[in-house]
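For reference, the structure is listed below as structure tokens.
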Amino acid sequence: MQAIGSTRPGGYVSYVGVPHDVELKGEELFFSHVHLHGGPAPVRRFLPKLIDLVWTGKIHPARSSILPFLWIR
């Protein structure tokens, strides 16, 4: 509820993956006027390629960077 409580009315809260052990009160979400969006994270699909990119030194996960989509296909 922290993310929803810190979002202005009409704003969006997004999540990636399937949340576990999370409870949302429908009435509070409804009256907060905040949009909640989320979806699955297909980690297994991209993980082998990402591990290869890290091991070969092509990306450095500790650094902030934007990956070209061609690298993760």
Return the set of residues passing side-chain contact (heavy atoms from CB on, under 4.5 Å) with [X] (not counting sequence neighbours), or none when no residue passes.
X	value
Val16	Ala41
Thr56	Asp52, Lys58
Pro9	His33
Leu29	Ile4, Ser32, Leu36

Can you name the residues that form a ring pair (Phe, Tyr, Trp, His ring centres under 6.0 Å) with Phe31, not counting sequence neighbours?
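Ring pair (Phe, Tyr, Trp, His ring centres under 6.0 Å) check on Phe31 returns nothing, list empty.
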Of the non-hydrogen atoms in Pro40 and Pro42, which two are nearest, and what is the gap between them?
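Looking at all heavy atoms of both residues, the closest pair is O-CD, 3.6 Å.
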Hydrophobic cluster of Trp55, others only, ordered by chain and residue number, side-chain cut-off 4.5 Å
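Listed partners: Val43, Leu47, Ile51.
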